[in-house]
Amino acid sequence: SSKAYINLNVKLGGLGPDYEAIKEKVSKKSNQQKEYAKQVKEHNMKSIASVQRLPTKPQLISSVSRQKALEYAKTIPRPKTFTARQSDEEVKEERVLPQTLNGNSLPQIASLETLQNRHEKEKQVVAAFRTLHIL
């Protein structure tokens, strides 16, 4: 019976990892991943090619709606703008700017009276807006 055991090709396991089995598993996995990547790439290329052909009509529709919107915008009256104008008194009151020792001119400081006049005028404008129920 000991002769029967000698004739068998038995590979005994050893201590540590079996590198041959690991290489086979890794190569099989990497081949599957590469094949899947090829399939995905082909699918994406086909879908991109089909998408590039389609969107010609929506651009025409959007340009028509844009034209309609622009025509509508032309018919809407623009709001009146209120500009603050300088009164004749303020124009006449332009002063000579004071000079520093170096000869540079200092910025003009508005007098208290002109600021009070401006404040009163702006109060009247706000009151007019309130009567129109805008504010």
Side-chain angles (χ1 to χ4, degrees):
S1 66
S2 63
K3 290 182 180 181
Y5 288 113
I6 295 173
N7 291 335
L8 293 176
N9 291 328
V10 176
K11 185 175 181 182
L12 298 175
L15 297 175
D18 185 11
Y19 291 113
E20 294 298 321
I22 292 173
K23 280 185 184 181
E24 290 176 17
K25 286 182 184 178
V26 169
S27 66
K28 184 178 179 183
K29 244 187 190 179
S30 65
N31 287 338
Q32 288 176 346
Q33 287 175 345
K34 287 178 185 178
E35 187 64 32
Y36 180 73
K38 284 181 186 178
Q39 292 174 358
V40 169
K41 185 176 180 182
E42 289 174 5
H43 181 267
N44 288 341
M45 294 300 283
K46 288 178 185 176
S47 65
I48 289 173
S50 65
V51 168
Q52 289 176 351
R53 297 178 198 150
L54 295 177
T56 54
K57 280 190 176 182
Q59 293 176 351
L60 297 175
I61 293 171
S62 65
S63 65
V64 171
S65 61
R66 177 170 164 68
Q67 291 298 327
K68 287 181 183 178
L70 290 174
E71 291 297 322
Y72 176 74
K74 288 179 184 177
T75 61
I76 296 175
R78 293 183 181 254
K80 295 179 182 178
T81 58
F82 294 99
T83 58
R85 297 180 184 166
Q86 286 185 339
S87 65
D88 294 336
E89 297 171 0
E90 291 176 356
V91 173
K92 290 179 184 176
E93 281 187 6
E94 289 185 20
R95 302 176 187 155
V96 176
L97 297 176
Q99 301 288 323
T100 62
L101 295 175
N102 297 336
N104 299 333
S105 60
L106 294 174
Q108 184 178 2
I109 300 173
S111 67
L112 182 61
E113 293 173 9
T114 56
L115 290 176
Q116 286 176 343
N117 290 337
R118 181 178 168 193
H119 178 66
E120 292 299 324
K121 288 178 187 176
E122 289 178 357
K123 271 187 182 177
Q124 292 172 359
V125 171
V126 169
F129 277 122
R130 286 197 176 137
T131 58
L132 295 174
H133 301 293
I134 294 176
L135 291 178

Taking transitive links into account, so neighbours of neighbours count too, which hydrophobic residues share a cluster with [X] at under 4.5 Å side-chain distance?
X: Val26; answer: Ile22
X: Tyr19; answer: none
X: Met45; answer: none

Does anything in residues 35-50 form a salt bridge (charged side-chain N to carboxylate O under 4.0 Å, His left out)? List the pairs, not counting sequence neighbours.
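Not a single pair qualifies under salt bridge (charged side-chain N to carboxylate O under 4.0 Å, His left out).
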Residue list, salt bridge (charged side-chain N to carboxylate O under 4.0 Å, His left out) with Lys74, at least two apart or on another chain
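Partners of Lys74 by the salt bridge (charged side-chain N to carboxylate O under 4.0 Å, His left out) criterion, ordered by chain and then number, come out as Glu71.
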Tyr72: side-chain contact (heavy atoms from CB on, under 4.5 Å) partners, not counting sequence neighbours
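With neighbours one apart ignored, the set is Thr75, Ile76.
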Tell me, please, which residues at least two apart from Lys123 pass side-chain contact (heavy atoms from CB on, under 4.5 Å).
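His119, Glu120.
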For the CD atom of Glu113 and the CG atom of Leu115, what is their distance to the nearest 0.5 Å?
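Glu113 atom CD to Leu115 atom CG measures 10.0 Å (nearest 0.5 Å).
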Give the cluster check for Leu70 versus Val64: same hydrophobic cluster or not, with ILVMFWY residues linked at side-chain heavy-atom distances below 4.5 Å.
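No, no single cluster joins them.
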Step-by-step salt bridge (Lys or Arg N to Asp or Glu O under 4.0 Å) determination, Arg118 to Glu122:
CA-CA 6 Å; Arg118 181 178 168 193; Glu122 289 178 357; 3.2 Å; yes
Side chain to side chain contact (heavy atoms under 4.5 Å, CB included) assessment of Gln39 paired with His43:
CA-CA 6 Å; Gln39 292 174 358; His43 181 267; over 6 Å; no
